[in-house]
Amino acid sequence: MKEEIKERIVKEIGKSIPDIESIKDKIKVEIPKEEKFGDLSINAAFLLTKHLRKKPLEIAYQIKEILEKLPEFQKVEVAGAGFINLFLSTDYYEQIIKQILVEKDSYGAAKDKNKGRINVEFVSANPTGPLHLGHGRGAVVGNVQSNLYEYLGYNVEREFYINDAGRQIQKLGESVYARFRQIEQPDYPFPEDGYHGEYIKEIAQHLYKYEREKILSMVDEKQAIDFCGEFAKELLLERIKNDLKEFGVEFDIWFSEKKLYTSGEVEEALQFLKNKGMIYEKDGAVWVKTTLYGDDKDRVIIKSDGSYTYFAGDIAYHYDKFKRGYDFIVNVWGADHHGYFPRLKAAVMAFGVPENWINVMFIQLVKLFKEGKEIKMSKRSGSFITLKELIEEVGKDAVIYFFLTKDSDTHLNFDIDLAVKKSSENPVYYVQYAHARICSVFREAKERFGFDPEEDFEADISLLKEETERALMKFLAFIPDLIREAGERKQPHKLTQITYQLASEFHYYYNNFKFLNPDDENLMRSRLLLLKAIRETLRTLFKLMGITPLERM
RNA sequence: GUCCCCGUAGCUCAGAAGGAUAGAGCGCGAGAUUCCUAAUCUCGAGGUCGGCGGUUCGAAUCCGCCCGGGGACACCA
């Protein structure tokens with residue numbers, strides 16, 4: 001909406017001040033912090049000082065005269081050193097409310113869904129243990145960003161890359177096998193760098209109960225370890241899928257790393273790079289010239305012992321994505337991988353993709369605090385709180401909301417004691433309460449007056465004259481802009497801020513004005529219609545975040 | 001050494017493709033319930049936006065240098 005209004009303004013001003021075209025990109029249409037500065041403000045006068053060699057204030061008055069004549073605006077004012085403040089007309093608001101009630105919980109979402117086909121890969125946890133908090137944050141960020149892309153009109157495929165090849169699975173097998181053997185022989189050695197978690201023992205006990213004969217009859221110990229590893233991997237992956245599903249996160253594609261090797265796709269990808277002259281041999285290893293595309297050194301893809309590096313697999317994986325023909329892809333990674341991005345990007349660029357084809361969102365550490373002390377997390381030592389445990393303790397909605405309160409690329413302190421508290425200190429209750437309150441008002445209206453706001457009805461928006469009401473309508477009008485901005489800038493955490501602000505304005509409205517007033521039925525209907533629009537907008541935001549809109553609390 | 005993140009109120013943090021008097025929650029102090037849910041709201045105290053320069057009509061925001069905290073830099077995965 002800001003864009004539409006900006007276009008309109010520039011066009012009108014351009015008729016008498018052609019210079020406006022040259023500064024068009026710098027013009028900002030903003031919602032001022034204070035009511036008295038209008039519904040919108042523009043900075044055009046400041047930008048024109050150089051071109052027109054006049055003071056901002058002088059130019060501002062010139063622009064004011066032009067804009068005053070437009071029907072969209074009720075009033076145009078010049079303020080401060082040269083801000084131009086615009087006041088929207090009632091007609092404009094009426095249109096917005098109507099739009100919200102038609103579009104419901106998809107308010108402002110792109111109707112044309114053909115903006116492009118993209119891929120978002122996230123979580124991609126090793127199937128060697130339960131999901132922990134870092135994965136949870138990645139899951140929320142990846143999923144919500146995907147939702148935002150859908151809101152923007154993209155076709156999104158959500159993907160989970162399963163690291164089911166390599167040393168980690170080997171280690172998993174060794175760990176389970178050792179625990180299995182320890183049941184009969186307690187001094188059987190446990191691998192030094194094995195997985196210590198209790199879940200390893202549980203899996204070993206399960207295998208002991210159902211597969212003891214089979215495993216013990218295997219002549220080769222390596223075969224037994226592989227069997228244990230494979231079994232544990234499948235079981236853990238199943239648990240990961242379930243945990244994510246309960247968390248409201250579902251994937252379209254589960255991509256197996258192992259398959260890259262068995263299908264010959266690694267060779268294919270390397271051959272592709274070889275044909276482009278990107279590959280050479282040195283010191284008995286095979287290298288790829290990532291320096292050609294900005295990496296600070298070339299990288300090994302086949303070690304001198306003949307085995308592939310992880311990087312080789314990743315190149316093949318992205319070669320596969322490249323062949324699928326996405327308009328662009330997004331990878332959600334732990335921040336410890338940031339140094340890895342330049343080399344992967346270099347390899348991908350060699351495929352011939354555009355500069356911004358591959359994107360990464362980094363997820364910084366989640367630090368867990370309990371009773372004021374940090375809980376150090378380590379999968380290897382087995383001391384960590386799982387995502388599942390946290391959800392059981394705090395609730396899905398609170399976990400999601402907390403993970404979305406900060407930019408994903410900054411550290412997050414998760415205070416368990418605070419999140420566990422079911423009180424007003426917990427912001428997720430605050431926003432849910434706003435929704436529940438509106439539902440409650442509607443129930444009351446039906447009960448007391450036999451008027452059910454849940455059904456379609458019309459009302460006169462021009463009766464909403466209070467400053468609070470106009471502020472609310474203005475905010476509703478620009479929420480789609482804010483959501484789009486959050487999506488384009490890859491800042492899903494902004495959704496919590498938008499939601500909180502809307503809830504806050506509603507709570508204020510609730511406390512200061514009465515909605516159910518039989519003495520003025522027309523006003524009552526108008527206010528209920530506004531509440532309905534607020535509720536749909538809250539639902540739009542909740543849906544994007546994956547939070548439940550509660551009807552009662 | 002190179003790279004990434006962070007430094008804003010007592011605490012946890014928003015705000016950053018430059019804009020008007022820098023915000024919120026918690027905590028602290030004072031209030032609001034004959035009335036739609038007090039899981040709410042109102043008011044108050046609390047700040048050199050880490051430091052120094054630069055860019056310009058204007059800088060918490062952009063640029064440079066510095067200080068402090070966290071993390072990453074494998075023929076690991």
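The structure presented is a predicted model; accordingly, all values stated were derived computationally and were not measured. Note: hydrogens, waters and symmetry copies are ignored here, and every other heavy atom, side chains too, is used. To find a chain, count down the sequence lines: A is the first, B the second, and so on, and within it residues start at 1.
Here the two rings, on A/His493 and A/Phe403, have centers that are 6.0 Å apart or farther.
For the pair A/Tyr509 and B/U40, the criterion of a side-chain N or O lying under 4.0 Å from OP1 or OP2 is not met. Note on A/Lys303: a side-chain N or O is less than 4.0 Å away from OP1 or OP2 of B/A77. Close to B/A14, at under 4.0 Å from its OP1 or OP2, lies a side-chain N or O of A/Thr410. Checking the phosphate oxygens (OP1, OP2) of B/C76, no side-chain nitrogen or oxygen of A/Tyr308 falls inside 4.0 Å. Taking side-chain N and O atoms only, A/Lys494 has a distance below 4.0 Å to OP1 or OP2 of B/A16. When the side-chain nitrogen and oxygen atoms of A/His337 are compared with OP1 and OP2 of B/C3, none of them lie within a distance under 4.0 Å. For A/Lys406, a side-chain nitrogen or oxygen approaches OP1 or OP2 of B/C13 to under 4.0 Å. Distances shorter than 4.0 Å separate none of the side-chain N or O atoms of A/Arg437 from OP1 or OP2 on B/A39. At B/G15, one or more side-chain N or O atoms of A/Gln497 fall inside 4.0 Å of OP1 or OP2 (strictly under the cut-off).
Contacts of A/Phe513 with the nucleic acid, taken as non-hydrogen atoms under 4.0 Å apart, include base atoms. Residue-level contact check: A/Asp296 touches neither bases nor backbone, having no heavy atom under 4.0 Å from any strand. Contact annotation for A/Ala285: base contact, defined as any heavy-atom pair under 4.0 Å involving a base atom. Looking at heavy-atom distances under 4.0 Å, A/His507 makes contact with sugar-phosphate atoms alone, never a base. A/Phe311 comes within 4.0 angstrom of no nucleic acid atom, judged by non-hydrogen atoms across all strands. Using a 4.0 Å heavy-atom criterion, one finds that A/Phe515 contacts the bases of the nucleic acid, with or without backbone contacts as well.
Checked by atom type and distance alone, the side chain of A/Asp452 never pairs as donor or acceptor with a backbone atom of A/Lys446 at under 3.5 Å. With hydrogens and angles disregarded, a donor-acceptor distance shorter than 3.5 Å links the side chain of A/Arg470 to the backbone of A/Leu88.
Counting distance only, with no hydrogens placed and no angle test, the side-chain atoms of A/Thr309 and the base atoms of B/A74 include no donor-acceptor pair under 3.5 Å. Applying the 3.5 Å distance criterion, the base of B/C75 shares a donor-acceptor pair with the side chain of A/Ser304. One N or O donor and one acceptor, one from the side chain of A/Asn85 and one from the base of B/A20, sit under 3.5 Å apart.
Between A/Tyr161 and A/Tyr317, the ring planes lie parallel to each other; the angle is under 30°, not in the 30° to 60° tilted range.
Taking every side-chain heavy atom of A/Glu444 into account, B/C36 is the closest of B/G15, B/C36, B/A77.
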Which dot-bracket notation, 5' to 3', represents the base pairing of RNA chain B when pairs are defined as Watson-Crick or G-U with both distances under 3.5 Å, crossing pairs as [ ], and inter-strand pairs as |? (((((((..((((.....[...)))).(((((.......))))).....(((((..]....))))))))))))....
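The aromatic ring of A/Phe83 is stacked on the base of B/A20, with the two ring centres less than 5.5 Å apart and the planes inclined by under 30°.
For the pairing with A/Asn331, the side-chain hydrogen bond (donor to acceptor under 3.5 Å, both in side chains) check across A/His337, A/Glu159, A/His318 returns one residue only, A/His318.
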Give every donor-acceptor pair under 3.5 Å between a side-chain atom in residues 302-310 of chain A and any protein atom, sequence neighbours left out.
{"residue": "A/Asp305", "atom": "OD1", "partner": "A/Ser307", "partner atom": "N", "Å": "2.9"}
{"residue": "A/Asp305", "atom": "OD1", "partner": "A/Ser307", "partner atom": "OG", "Å": "2.7"}
{"residue": "A/Tyr308", "atom": "OH", "partner": "A/Glu267", "partner atom": "OE2", "Å": "3.4"}
{"residue": "A/Thr309", "atom": "OG1", "partner": "A/Val300", "partner atom": "O", "Å": "3.1"}
{"residue": "A/Thr309", "atom": "OG1", "partner": "A/Ile301", "partner atom": "O", "Å": "3.4"}
{"residue": "A/Thr309", "atom": "OG1", "partner": "A/Phe311", "partner atom": "N", "Å": "3.4"}
{"residue": "A/Thr309", "atom": "OG1", "partner": "A/Ala312", "partner atom": "N", "Å": "3.3"}
{"residue": "A/Tyr310", "atom": "OH", "partner": "A/Asn163", "partner atom": "ND2", "Å": "3.3"}

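Looking at residues two or more places apart in sequence or on another chain, you find a side chain to side chain contact (heavy atoms under 4.5 Å, CB included) between A/Glu234 and A/Glu230.
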